[in-house]
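Note that the numbering runs from 1 along the sequence shown for the chain. The structure displayed is predicted, hence computed values, not measured ones. Side chains included, hydrogens not; waters and symmetry mates left out as well; all remaining heavy atoms used.
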Amino acid sequence: WYQRRVRGELYALSPIDMKFIDFDNLEELFAQPEKKITEEKKETKKKGPSLVALLDPKKSLGVNLITKNLRMPYPDIAAAISTCNMDKLNNDQINGLLKIIPEKPDLEALGGYTGTVEQLAEAERFYMHLIKVPEYGLKLDCMKFSYEFRPIAELLGKRVDEMLKAGTSILESSDVQELLHILLVVGNFINTGGYAGNAIGFKLALLSKIHEIKSNKPRMTMMHVLVESIEKNKPHLLHFYKKLGNLTEISKLNNTENERELNELTKMINNVKGRMQTLDANSIAKFEGTFKEATLFCEKTRKTIDEINGLEARYIKFFVLDKKNYSLQDCLKVVSVFCTKFENAIGENKKRKEQEARLAKRKEEMAKRETLPRAKRKGLPPPEECVIDNLLDQIKGGLKLKKSNSVGVTDSKKITRNESIKKNNQESTEKWRKSKIALMLINSGPPCSTPRLRKKQTEMLWKLQLSI
């Protein structure tokens, strides 16, 4: 049989005895195992029945995402909503559940289903547990309001209280009134003889422009003069702005925005409170205290906002303003700018006085040195110098400023360089003198007799002339 396997054209051409090859051993070593044919049939997995989907695919996907984030079984979620258990459901989870509240078409589809809950898809199964809870939407709204009311009330109440306090303190502060009177007197004195002199008041906008009125003294404005005068004569008015609160932040508040937020909060309370009668007794008792607190807060905040609106009329009357162009927020901004510039002027005056004191001390020391004999001046320490003042004095005196030497050039290097230049100049002068003498001697001597000597004499003269 081995001959059949190797028989062919090559075998016919080369009649060699192949009995020495152990074909049985080769077959045992390199034969591939044969596949076992079994008559047993593979068991096929039985497919279960397909789940019933009643909702829109997009709606179903949203429900699945939110319910998975809750990480609770569907019956536990329904129980937490039924008992209004806020320990198991936080504010974010409640907001997520409110986004997937079943709508009318969803309820109709679920109501027409007659099969078992196990045959439904995940989203439909959750809805079947949810709709068994009475007033599930209202309970979620109540829990959401309980979470969000206190942060809103705290922020809104703080804003209106600060706005009312700052606005009232400006109008009723005796320090502010005295300061405004000083400004009026100073302004009338400056404008004496002009059309603006002898005025009985000034516009509110002037308060934000006082720092722009420059005086004859450099780096000094009307605000600096006012602060300096108050510091000397009325020191109790110097820090009046500290009694008015943080006007920079308060001036950014808008009473119209506060009123809009209060109206939204009141509308939310009335909406939920009107439907609470359909809840069970336990749920009503759980939220009754929160809604009572919210109602009292809205009433109190409404009175505060009305007082702020009344302040606006008082400002317009006190400063004789145009109601169309000014609001309470605009008035607070002007006063805030004035207080900020006033505070800055206090620090700038202090720095200027320190500079003037140092300058006076330096001049006094220099005057003392001038009065002493020269022999005694050497032992005294040099007066305190200011680099900027010295530079300005040199510029005013017409002294030309010298460029600074390059970095790394020392005094010893400069001396060596100067000496080498001087030495080179001396050597060049001596060489020129010797060449001149040699040229004179050659020209004054007798002419050479041979052409060769005359040629050599001509070359020597040419070299001497070039060196000279």
Side-chain angles (χ1 to χ4, degrees), residues 41-152 260-261 263-280 282-284 286-287 290-291 294:
K41 296 182 179 180
K42 296 181 179 180
E43 296 181 357
T44 57
K45 294 182 179 179
K46 296 182 179 180
K47 294 184 178 179
S50 59
L51 299 177
V52 179
L54 303 175
L55 303 177
D56 179 74
K58 187 176 180 181
K59 181 70 175 288
S60 179
L61 179 62
V63 173
N64 290 333
L65 290 175
I66 291 175
T67 52
K68 285 181 180 178
N69 290 333
L70 296 176
R71 298 178 181 179
M72 285 192 293
Y74 298 150
D76 293 350
I77 298 174
I81 297 173
S82 178
T83 57
C84 300
N85 191 343
M86 298 175 67
D87 295 331
K88 291 186 177 181
L89 297 175
N90 57 36
N91 190 30
D92 293 335
Q93 293 172 339
I94 291 171
N95 285 326
L97 290 171
L98 285 172
K99 292 178 182 178
I100 59 173
I101 288 292
E103 300 176 356
K104 188 175 180 180
D106 303 329
L107 295 175
E108 292 176 355
L110 293 170
Y113 178 70
T114 57
T116 61
V117 178
E118 288 75 14
Q119 295 177 348
L120 292 173
E122 293 295 326
E124 287 79 358
R125 198 179 304 171
F126 168 72
Y127 273 173
M128 292 298 289
H129 287 90
L130 181 63
I131 59 179
K132 293 179 182 179
V133 179
E135 298 293 343
Y136 55 86
L138 179 58
K139 290 180 178 180
L140 288 173
D141 287 335
C142 291
M143 286 191 284
K144 178 184 177 182
F145 181 81
S146 298
Y147 273 119
E148 296 181 354
F149 161 68
R150 286 182 177 82
I152 294 174
R260 185 188 64 79
E261 289 186 14
N263 291 335
E264 290 181 357
L265 183 61
T266 305
K267 185 178 179 180
M268 186 189 304
I269 293 171
N270 295 333
N271 184 23
V272 179
K273 194 174 180 181
R275 295 185 293 155
M276 280 185 61
Q277 304 302 326
T278 58
L279 294 177
D280 55 280
N282 293 331
S283 300
I284 293 175
K286 184 172 289 188
F287 298 114
T290 303
F291 281 95

Discussion item. Does I101 form a side-chain contact (heavy atoms from CB on, under 4.5 Å) with L140? I'd like the steps, not just the answer.
Written reply: CA-CA 10 Å; I101 288 292; L140 288 173; 3.8 Å; yes
Worksheet item: Heavy-atom distance under 4.5 Å between the side chains of E148 and N91, does that happen here?
Response: yes
Discussion item. Working to the nearest 0.5 angstrom, can you tell me the gap between Y113 OH and L120 CG?
Written reply: 4.0 Å
Practice prompt. Can you see which heavy atom on M86 is nearest to which on S146, and at what distance?
Written response: CE-CB, 3.8 Å
Fill in: Nearest-0.5 Å distance that lies between atom CD1 in I77 and atom CE in M72
5.0 Å
Discussion item. Please find the pair of heavy atoms, one from G62 and one from I100, that lie closest to each other, and give the distance.
Written reply: O-CG2, 4.2 Å
Worksheet item: Are side-chain heavy atoms of L89 and N85 found at a separation under 4.5 Å?
Response: no
Worksheet entry | Stepwise side-chain contact (heavy atoms from CB on, under 4.5 Å) test for N64 and F126 | CA-CA 9 Å; N64 290 333; F126 168 72; over 6 Å; no
Worksheet item: Quick one: does Q93's side chain get under 4.5 Å of N69's, heavy atoms only?
Response: no
Response to the item:
In this structure, CG of L97 is separated from CD1 of I81 (nearest 0.5 Å) by 5.0 Å
Worksheet item: CD1 of I66 to CG of D92: how many Å apart, nearest 0.5 Å?
Response: 11.5 Å
Worksheet item: Would you say K59 and E103 make side-chain contact, with heavy atoms under 4.5 Å?
Response: yes
Fill in: Minimum-distance pair of heavy atoms, taken over all atoms of L130 and P102
CD2-CD, 3.8 Å
Worksheet entry | NZ on K144 to CG on N95, rounded to 0.5 Å | 5.0 Å
Practice prompt. Determine whether V63 and E124 make a side-chain contact, defined as any pair of heavy atoms from C-beta on separated by less than 4.5 Å.
Written response: no
Fill in: Heavy-atom side-chain contact between K273 and F287 under 4.5 Å
no
Discussion item. Check this for me: does any side-chain nitrogen of one of D76 and K88 sit under 4.0 Å from a carboxylate oxygen of the other?
Written reply: no
Worksheet item: Donor-acceptor pair, Y147 side chain versus R150 backbone, under 3.5 Å?
Response: no
Practice prompt. Classify the angle between the aromatic ring planes of F145 and F291 as parallel (below 30°), tilted (30 to 60°) or perpendicular (above 60°).
Written response: parallel
Discussion item. For E264, is there an ion pair with K267 - N to carboxylate O distance below 4.0 angstrom?
Written reply: no
Worksheet item: How many angstroms lie between atom CE of M276 and atom NZ of K286, to the nearest 0.5 angstrom?
Response: 11.5 Å
Practice prompt. Take Y127 and L55 through the side-chain contact (heavy atoms from CB on, under 4.5 Å) test and state the conclusion after the steps.
Written response: CA-CA 10 Å; Y127 273 173; L55 303 177; 3.5 Å; yes
Worksheet item: Going through the checks in order, is the side-chain contact (heavy atoms from CB on, under 4.5 Å) test met by L279 and C84?
Response: CA-CA 11 Å; L279 294 177; C84 300; over 6 Å; no
Worksheet item: Which pair of non-hydrogen atoms, one from A78 and one from V133, has the smallest distance, and what is that distance?
Response: O-CG2, 3.5 Å
Practice prompt. Give me the one residue out of R275, M268, E135 that meets side chain to side chain contact (heavy atoms under 4.5 Å, CB included) with D141.
Written response: R275
Fill in: Polar side-chain atom of K139 near backbone of S82 as donor-acceptor pair, under 3.5 Å
yes
